[in-house]
Structures are given as C-alpha cells and as structure tokens.
K.L.:
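Let me begin by handing over the structure; questions about it come next.
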Amino acid sequence: TLHTPPQEFKDAAAVRAGAVWQARMKLDREKYEAFFSEFGSQLKYGVYSDYGMHKDVLVDLLMFHTSEKDKYVTLKEYTDAMPSEQKAIYYAAGESREKIELLPQVDAVKSRGYEILYLTDDVDEFALRFMNAYNDKEYRNVYGDDLGLEDDEIIEMELHGWLFQVEVFEEKRILKV
C-alpha cells in the first residue's frame, strides 16, 4: 500500500527546495527570472496554500515589478533600497503596469521617492495580504485610506452637491472617494 509521508518530511522537503531555489537565484538570476515568469504564480499560490504553512520558505523566492524598474525585484531587494524614512511597502494592483501608472494615488507615493510594487497577477494582492508584512514592514495599498504619509493634508470640497475629500501633497490634489 501507498503511505503518505509524515508532515515533518514534507516540511523538511519544502525548506530544502526553498534553499535550492534561493541558491539558483543567486547563481544565475537570468535563469531564475525565466523560471519565475513561468511558475511565479504557483509560488505565490503556495504562500497561502496549506493555510500559509510554507509562506516563510517561499517569501524570498517571490518577485515583482516596481514603479522604478521594469524588471523583477525580490522583497528583500525592495526593502534594502527603501529610504530610511519609508515605513511601509507600497503596492498597487491592476491589469498592467501601464494602467497602474495612470492612477493618481501612485503619483502621491512616487513623489516622495518611494518605490511601489506593481501587482499584475491575479494572486499577487492576496499573497501579500496573507503575509501581512516583510521584515517588519507592513504592506500598504496605494488605494487605501492610511498610507502612512504623515504630512498629507486632507481638505473637504463640495462639487455639484457632492462632498469629496481631497488629499493635498506638494501642491498636488488627489481625490479620495
């Protein structure tokens, strides 16, 4: 009869596989990126499958495009490049890089010199939310109410009988709906 391997064996195998893929990423980044282009979605699904049991093994294998680079970056590379005053990892989800860059909320974050993760796979945002944080840095959606940009000024404005909140930053006005 066929026996199911014990959970300890599965966990050890997952850790070992994660270490092998991290080593491959370091040895040949180009080949790893080609692998990630094909199988990255499955790695992201792995973050929350089995109730997140393997998210710590997989987190350093994940890659995303950003507002600064049209190439993949890991979460470690993103956080290593963050300005010291940046308190969160910012992200924006959308169909494509081009559509994300049209959003005014993206400009508010980029104007501070903060890089934004561009989440264009269906699973991206769900995987980030499942992980909660990376290296004690929370994930913040640029569409969210609390971006942690302390010196923003919120003013209320009435237009055609509708009341709007407008965020003012460096003389730019961003409508918050």
K.L.:
To the nearest 0.5 Å, tell me how far Ile100 CD1 sits from Glu95 CD.
P.N.:
9.5 Å
K.L.:
Check residues 31-38 and write down every donor-acceptor pair under 3.5 Å in which the side-chain atom is one partner and the other belongs to a residue at least two apart or another chain.
P.N.:
residue	atom	partner	partner atom	Å
Tyr32	OH	Leu61	O	2.6
Glu33	OE2	Arg29	NE	2.8
Ser37	OG	Glu33	O	3.0

K.L.:
Does CD in Glu30 sit with more than 12 non-hydrogen atoms of other residues, nucleotides or ligands closer than 6.0 Å?
P.N.:
no
K.L.:
Test of understanding: with side-chain contact (heavy atoms from CB on, under 4.5 Å), list the residues that count as partners of Glu98, not counting sequence neighbours.
P.N.:
Ser96
K.L.:
Is any side-chain heavy atom of Glu77 closer than 4.5 Å to one of Tyr72?
P.N.:
no
K.L.:
Does Asp28, at its CG atom, have more than 12 non-hydrogen atoms belonging to other residues, nucleotides or ligands within less than 6.0 Å?
P.N.:
yes
K.L.:
Under a 4.5 Å side-chain heavy-atom rule over Ile, Leu, Val, Met, Phe, Trp and Tyr, are Val73 and Tyr139 clustered together?
P.N.:
no
K.L.:
Give a yes or no answer on whether the side chain of Tyr78 reaches the backbone of Tyr90 with a donor-acceptor pair at less than 3.5 Å.
P.N.:
yes
K.L.:
With rounding to the nearest 0.5 Å, note down the distance linking OG in Ser41 to CG in Leu62.
P.N.:
10.5 Å
K.L.:
Identify each donor-acceptor pair in which a side-chain atom of residues 123-132 lies under 3.5 Å from a protein atom, sequence neighbours left out, and give them as a table.
P.N.:
residue	atom	partner	partner atom	Å
Asp124	OD1	Lys44	NZ	2.6
Asp124	OD2	Thr120	N	3.1
Asp124	OD2	Asp121	N	3.0
Glu125	OE2	Tyr91	OH	3.4
Glu125	OE2	Arg129	NE	3.3
Glu125	OE2	Arg129	NH2	2.9
Glu125	OE2	Asn141	ND2	3.1

K.L.:
I need the minimum non-hydrogen distance between Ala88 and Met82, along with the two atoms involved.
P.N.:
O-CE, 3.6 Å
K.L.:
If two hydrophobic side chains count as joined below 4.5 Å and joins carry through other members, does Leu43 share a cluster with Met25?
P.N.:
yes
K.L.:
How long is the gap from CD1 on Ile116 to OG1 on Thr66, to the nearest 0.5 Å?
P.N.:
9.0 Å
K.L.:
Could you list the residues that satisfy side-chain hydrogen bond (donor to acceptor under 3.5 Å, both in side chains) with Lys76, not counting sequence neighbours?
P.N.:
Asp80
K.L.:
Quick one: salt bridge (charged side-chain N to carboxylate O under 4.0 Å, His left out) pairs with a partner in residues 55-64, sequence neighbours left out?
P.N.:
none
K.L.:
Quick one: salt bridge (charged side-chain N to carboxylate O under 4.0 Å, His left out) pairs with a partner in residues 62-73, sequence neighbours left out?
P.N.:
Lys69-Glu115, Asp70-Arg97
K.L.:
So which heavy atom on Gly113 is nearest to which on Pro83, and how close?
P.N.:
O-CG, 3.9 Å
K.L.:
Search all heavy atoms of Val106 against all heavy atoms of Ala92 and return the closest pair with its distance.
P.N.:
CG2-CB, 4.2 Å
K.L.:
Is Arg140 salt-bridged to Glu138, going by a charged N under 4.0 Å from an acidic O?
P.N.:
yes
K.L.:
Compare all side-chain heavy atoms of Val59 with those of Leu75 and state whether any distance is below 4.5 angstrom.
P.N.:
yes
